[in-house]
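Notes follow the structure.
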Number of protein chains: 2
Amino acid sequence: MTVEVKSAPPPLTARQEARRRRILHASAQLAGRGGFDAVQMREVAESSGVALGTLYRYFPSKIHLLVATMQDQLEHLHSTLRKRPPAGESAAERVAETLMRAFRALQREPQLADAMVRALTFADRSVSPEVDTVSRQTTAIVLEAMNLPGPPTPEQLAAVRVIEHTWYSTLITWLSGRASITQAGIDIETVCKLIDLTGPAGRDGPADPHYRR
Amino acid sequence: MTVEVKSAPPPLTARQEARRRRILHASAQLAGRGGFDAVQMREVAESSGVALGTLYRYFPSKIHLLVATMQDQLEHLHSTLRKRPPAGESAAERVAETLMRAFRALQREPQLADAMVRALTFADRSVSPEVDTVSRQTTAIVLEAMNLPGPPTPEQLAAVRVIEHTWYSTLITWLSGRASITQAGIDIETVCKLIDLTGPAGRDGPADPHYRR
DNA sequence: CGCTAACCTAGAACAAGTTTCAGTATCGAT
DNA sequence: ATCGATACTGAAACTTGTTCTAGGTTAGCG
């Protein structure tokens with residue numbers, strides 16, 4: 001018997017790729033106005049010119065669809081960020097700057113952000129692999145912003161995880177109207193100080209972390 | 001015209017109070033096995049001996065119901081914690097200990113935890129006030145664990161907010177099977193270091209924060 | 001070309017959250 | 001004790017995510 005863990009998905013034909021794109025586009029479109037609730041599976045199917053059953057073949061649930069939409073958007077964001085890397089002095093500053101930039105990007109499409117983030121946090125175990133991909137993408141973005149000279153230490157990875165937790169959580173509280181953008185910014189800056197805490201102890205850390213006060 | 005912001009809800013009669021309790025009990029019961037999906041409104045109504053319409057009069061949505069269930073459980077937890085306060089040296093240690101204790105409590109009822117947390121993060125604006133209450137309860141628990149000599153500084157409040165973000169977010173990743181309890185514990189400890197960062201700069205901080213390495 | 005398996009479509013059907021409605025019971029005040 | 005207002009019940013209806021079915025289409029291959 002052939003054991004085939006992590007079997008690669010069969011490559012999609014051009015038409016299939018196109019369908020997939022149309023679906024993701026329709027999803028983002030509908031989410032853009034109306035947010036989570038406006039992304040109705042029948043609507044997505046119709047706007048992307050695909051039968052409902054087919055939609056479910058490509059994305060086994062609404063949550064899967066929206067998480068995939070998030071992956072898609074994150075890729076855009078990532079490549080945008082790569083073009084103009086953050087300029088801060090310390091790693092903490094650069095990370096905070098990057099996250100705030102991402103925040104402003106989401107601010108321009110709050111409904112889309114709402115749909116994606118709600119899906120992400122509502123996802124149950126059946127969506128773990130996809131959510132994990134999103135998590136890895138986020139980690140990659142943060143690590144890139146830190147611009148470390150070498151591989152991150154375990155402490156730094158721990159700090160990054162906490163930063164991500166905070167990032168998504170502030171996003172949620174902002175989206176549900178329980179915190180202002182300002183508040184979110186403060187929280188992001190607060191958590192980024194953790195980097196300075198691990199940094200100097202790391203291999204050779206950021207240049208001259210000047211603590212205020 | 002009488003402007004009546006924040007009008008107090010009319011006091012409930014004894015029978016109404018009893019109904020409310022029965023509903024919350026049924027909700028926790030069903031959530032306890034089966035998690036979020038097992039809390040079906042028709043079932044809740046039936047098990048608490050109330051008509052579906054009545055259930056909706058008490059809790060305008062499933063999310064409202066589960067968030068209220070969470071408030072209820074948090075009260076239990078809070079009073080339990082008050083009886084045996086954490087014994088750590090520094091504020092950071094005490095907070096970490098408290099949160100880990102809470103974690104273990106949830107571990108005993110993972111399905112219930114799942115239902116409550118999913119509801120909390122899925123909540124939209126219409127549930128803001130209730131979610132806010134939960135947030136305040138959590139803040140109170142953390143601040144109590146810190147056991148500060150006076151009112152918290154703004155930095156300390158910022159740290160507490162970040163800690164809460166991390167707390168809920170680790171909970172989510174644990175519940176969705178993407179991180180182990182161990183991992184969650186590490187993240188909690190990591191973020192609690194933020195307290196030591198604000199503490200010494202604060203009014204008079206914890207005694208002797210000994211940084212490892 | 002012609003075959004076969006996999007894929008796609010249209011639409012019905014089902015499940016669970018939510019709303020609605022007509023009738024009945026309860027509450028508070030007179 | 002009675003009356004009007006409010007709350008509760010039981011049941012049906014509506015919405016949207018999800019599943020299922022029967023038949024048509026496409027892609028790869030001999």
Side-chain angles (χ1 to χ4, degrees), chain A residues 7-23 26-27 30-31 33-69 114-116 118-119 122-127 130, chain B residues 7-23 26-27 30-31 33-69 114-116 118-119 122-127 130:
Chain A
S7 65
L12 300 180
T13 70
R15 304 181 50 154
Q16 285 174 323
E17 193 57 54
R19 268 193 208 99
R20 202 186 123 88
R21 293 269 100 242
R22 285 206 308 278
I23 292 173
S27 167
L30 287 169
R33 43 176 177 291
F36 187 88
D37 291 334
V39 180
Q40 301 191 357
M41 298 305 267
R42 290 175 233 264
E43 292 259 335
V44 173
E46 184 171 5
S47 327
S48 50
V50 125
L52 191 55
T54 305
L55 172 52
Y56 273 94
R57 173 187 287 271
Y58 281 73
F59 301 98
S61 78
K62 174 169 171 171
I63 300 294
H64 282 84
L65 171 57
L66 284 171
V67 171
T69 304
D114 170 73
M116 297 188 306
R118 297 264 291 286
F122 192 63
D124 66 354
R125 296 184 122 79
S126 72
V127 204
E130 288 79 3
Chain B
S7 64
L12 301 180
T13 71
R15 306 181 49 156
Q16 286 174 322
E17 194 56 55
R19 269 194 207 100
R20 202 186 125 86
R21 283 296 70 252
R22 285 206 308 278
I23 293 172
S27 167
L30 287 169
R33 47 175 174 290
F36 187 89
D37 292 332
V39 181
Q40 301 192 356
M41 299 304 267
R42 290 174 232 261
E43 291 259 336
V44 173
E46 184 170 3
S47 339
S48 50
V50 125
L52 191 54
T54 306
L55 173 52
Y56 274 94
R57 173 185 287 273
Y58 280 74
F59 302 97
S61 78
K62 174 169 173 172
I63 300 295
H64 282 85
L65 171 57
L66 284 171
V67 171
T69 304
D114 171 74
M116 298 189 305
R118 297 265 291 286
F122 192 62
D124 66 356
R125 296 183 122 79
S126 72
V127 205
E130 288 79 3

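Throughout, protein chains are lettered first and strands after them, A, B, ... in sequence-line order, and every chain is numbered starting at 1.
- Computed from coordinates, the B:Gln40 CD to D:dG17 C1' distance equals 14 Å when rounded to whole Å.
- A:Ser48 approaches A:Val44 most closely through the heavy-atom pair OG-O, 2.6 Å.
- With rounding to whole Å, A:Arg20 atom CZ is found 13 Å from C:dC8 atom P.
- Using modelled atom types, no side-chain atom of A:His64 and backbone atom of A:Glu130 make a donor-acceptor pair closer than 3.5 Å.
- When each of C:dT26, D:dT9, C:dT18 is scored by its nearest atom to the side-chain atoms of B:Leu52, the top-ranked nucleotide is C:dT18.
- Nucleotides of DNA chain C nearest to B:Gly53 and A:Leu55 differ in position, and the one nearer the 5' end is that of A:Leu55.
- If you check every strand for non-hydrogen atoms under 4.0 Å, A:Val39 touches sugar and phosphate atoms only.
- Of all heavy-atom pairs between B:Met41 and B:Leu55, the closest is O-CD2, 3.3 Å.
- Side-chain nitrogen and oxygen atoms of B:Arg42 include none within less than 4.0 Å of the OP1 or OP2 phosphate oxygen of C:dA16.
- Atom CZ in B:Phe122 sits about 11 Å away from atom C1' in C:dG17, given to the nearest Å.
- Checking side-chain atoms of B:Glu43 against main-chain N and O of B:Gln40 turns up no donor-acceptor pair under 3.5 Å.
- Counting non-hydrogen atoms of neighbouring residues, nucleotides and ligands closer than 6.0 angstrom, the CD atom of B:Glu46 reaches no more than 12 such neighbours.
- Distances shown here put a side-chain N or O of B:Gln16 below 4.0 Å from the OP1 or OP2 atom of D:dC8.
- For the pair B:Asp37 CG and D:dT18 P, the interatomic distance rounds to 11 Å; values are reported in whole Å.
- Among all heavy-atom pairs drawn from A:Ser27 and A:Val39, the shortest one is O-CG2, 4.0 Å.
- Atom-to-atom, CE of B:Met41 to P of D:dA13 comes out at 21 Å; the value is rounded to the nearest Å.
- Atom CD1 in A:Ile63 sits roughly 7 Å away from atom P in D:dT18 (whole-Å rounding).
- For B:Arg22 and D:dC8, the CZ to P distance is 11 Å, given to the nearest whole Å.
- Nearest to the side-chain atoms of A:Arg57 among the listed nucleotides C:dG17, D:dG17, C:dC8 stands C:dC8.
- Out of D:dT19, D:dT9, C:dC8, the shortest distance to the side chain of A:Tyr56 is found at D:dT19.
- The distance between atom CZ of A:Arg15 and atom P of C:dC7, rounded to the nearest whole Å, is 14 Å.
- In the helix from C:dC1-D:dG30 to C:dT30-D:dA1, the end axes, each obtained as the rotation axis mapping the C1' atoms of four pairs onto the next four within a five-pair block, lie 20° apart to the nearest 10 degrees.
- Note: B:Tyr58 OH to B:Leu65 CG = 13.0 Å, rounded to the nearest 0.5 Å.
- The side chain of B:Tyr58 sits closest to D:dC8 out of D:dT9, D:dC8, C:dT18.
- The nucleotide whose nearest atom lies closest to any side-chain atom of A:Thr13 is, among C:dA10, C:dT18, D:dA27, D:dA27.
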